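Both backbone and side-chain heavy atoms feed into the values below; hydrogens, waters and symmetry mates do not. Numbers here are sequence positions counted from 1. Since the structure is predicted, the reported quantities are computational estimates derived from the model, not experimental observations.
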Amino acid sequence: MASPGPDTPEESYVMRDRTDATLVGKHCQYEYCNQLDFLPFYCQSCSKTFCLDHRTETAHKCANAGAWAERRRQAQLSRSSIGGAGGKTLRDKTYEKPCASPECKTVVGTSLTPGVHCQTCKRDYCLKHRLGEDHDCKNLTPLGSRLVPVDDITKKTKSALDKLRAWGSAKKEQAGRALPKPKPSSTAARLVAVNTLKKSAKGDDKIPADKRVYLYVEAEAETAKAKFPKGAFFYSKDWVVGRVLDAAARQLQVQNINNQSSDERDKLRVFHVEGGRVLEFNEKVGTSLQSGNTVVLLRGVGPAPDLIEA
């Protein structure tokens, strides 16, 4: 029998075609009736013929009750997917499976609990876990996507570290000097050094005294063409490293084209001597640096190796 269409009657039974030449009457197939009816009804669930009184599934105690309704429901689902907005599609019974959320035991894809397919992580979820934030979508690897082997990621990270070390060795050889050494580490010596630094440091007088971080700042004289390759300055704890870089470049008269070039060879980065690493532009000064630290403006070293994407 053809799948139910938009013109399918709202009941499980239909009257036989009046134009049927063989329509000379049919006996009701209900066990206790057998009445001859010249306008019999056809049950779309059990495919038997019944009289007016026994036409419904309940009246003739249909052996396949609900089959017509299920076929009709599946036909409607195949014509239009509910919840298609936002890249999600409800699945029908042919996709019956457990909800992909680990802690959920709901079986989805049934006629009563349709599954919602997430186009981002390529998994099926129940209605409760259909939204990305409800099934931690951003931290899931899409099904079917090619995974990058851990060994490849390790090799790329090691390669980035090797490049930075090689760059450091080359710069030392070219400049004839090593990067600045960390200032005294003992508490007493550090306090003396910071107090001395405060007396000579320059900066924006509008920055409150309790918000200031006092730093030694240097630049590569051989590549930056700075008139004053080093100095003592103070910056706000609330600033990010990118703002410190802009201010330090102006103070040391270093060319800064970070906003004009996408080539890492042209970009300036901030190297933290005490931390032994390149700082990210969005790091807070108050979190990453302390008064008395030394930072160096370097060009062409690339982002911090531990943050390089595989």
| said: Suppose we screen for ring-ring contact (aromatic ring centres under 6.0 Å, His included). Which residues come up paired with H60, at least two apart in sequence or across chains? | reply: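 Only F50 meet the ring-ring contact (aromatic ring centres under 6.0 Å, His included) criterion with H60.
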| query | How would you list, by chain and number, every residue that makes a ring-ring contact (aromatic ring centres under 6.0 Å, His included) with F234, sequence neighbours excluded? | reply |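 By the ring-ring contact (aromatic ring centres under 6.0 Å, His included) rule, F234 matches Y214.
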Let me confirm one number: the [atom1]-[atom2] distance from [X] to [Y], rounded to the nearest 0.5 Å.
X	Y	atom1	atom2	answer
Q44	C62	CD	SG	11.0 Å
T141	K122	OG1	NZ	13.5 Å
C43	N64	SG	CG	8.0 Å
R55	C28	CZ	SG	11.5 Å
D124	H117	CG	NE2	6.0 Å
Q119	C137	CD	SG	10.5 Å

Beyond-backbone contact of [X] with [Y], side-chain heavy atoms, under 4.5 angstrom:
X	Y	result
Y235	V295	no
V213	V244	no
H129	E103	yes
V217	Q251	no
V273	Y216	no
R243	V241	no
L52	F41	yes
C118	R123	no

At their closest point, which heavy atom of [X] faces which heavy atom of [Y], and how far apart are they?
X	Y	answer
Q255	R299	O-NH2, 2.8 Å
L268	A249	CD1-CB, 4.3 Å
T294	E274	N-OE1, 2.9 Å
T49	P40	CG2-CB, 3.3 Å
W239	A247	CZ3-CB, 4.2 Å
K237	R212	CE-O, 4.0 Å

| Would you find more than 12 non-hydrogen atoms of other residues, nucleotides or ligands less than 6.0 Å from Q290 atom CD? |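 Not more than 12 within 6.0 Å, no.
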| query | Taking everything shown except N259 itself, do over 12 heavy atoms lie less than 6.0 Å from its CG? | reply |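 No, the 6.0 Å shell around CG holds no more than 12 heavy atoms from other groups.
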Counting only N and O atoms by type, is there a donor-acceptor contact under 3.5 Å from the side chain of [X] to the main-chain atoms of [Y]?
X	Y	result
H135	S101	no
R130	L127	yes
S45	W68	yes

| task | List for me each residue that meets side chain to side chain donor-acceptor pair (under 3.5 Å) alongside S288, sequence neighbours excluded, and say none if there are none. | result |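 S288 satisfies side chain to side chain donor-acceptor pair (under 3.5 Å) with E283 once adjacent residues are dropped.
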| message | Under 4.5 Å side-chain heavy-atom separation, chaining through any Ile, Leu, Val, Met, Phe, Trp or Tyr, what else clusters with Y125? Say none if it is isolated. | response |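 Members other than Y125 - counting any ILVMFWY side chain reachable under 4.5 Å - are L140.
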| message | Clusters formed by hydrophobic residues whose side-chain heavy atoms approach within less than 4.5 Å: which one holds I257, and what are its other members? | response |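 Its cluster mates, by chain and number: none.
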| Are V240 and V285 joined in one hydrophobic group, where the rule is that I, L, V, M, F, W and Y side chains link up if heavy atoms are under 4.5 Å apart? |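 No, V240 does not connect to V285 through the hydrophobic network.
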| query | Under the salt bridge (Lys or Arg N to Asp or Glu O under 4.0 Å) test, which residues partner D238, sequence neighbours left out? | reply |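 Here the qualifying residues are K211.
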| Mutual orientation of the aromatic rings belonging to Y32 and Y30 [parallel < 30°, tilted 30-60°, perpendicular > 60°] |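 Perpendicular: the ring planes of Y32 and Y30 meet at over 60°.
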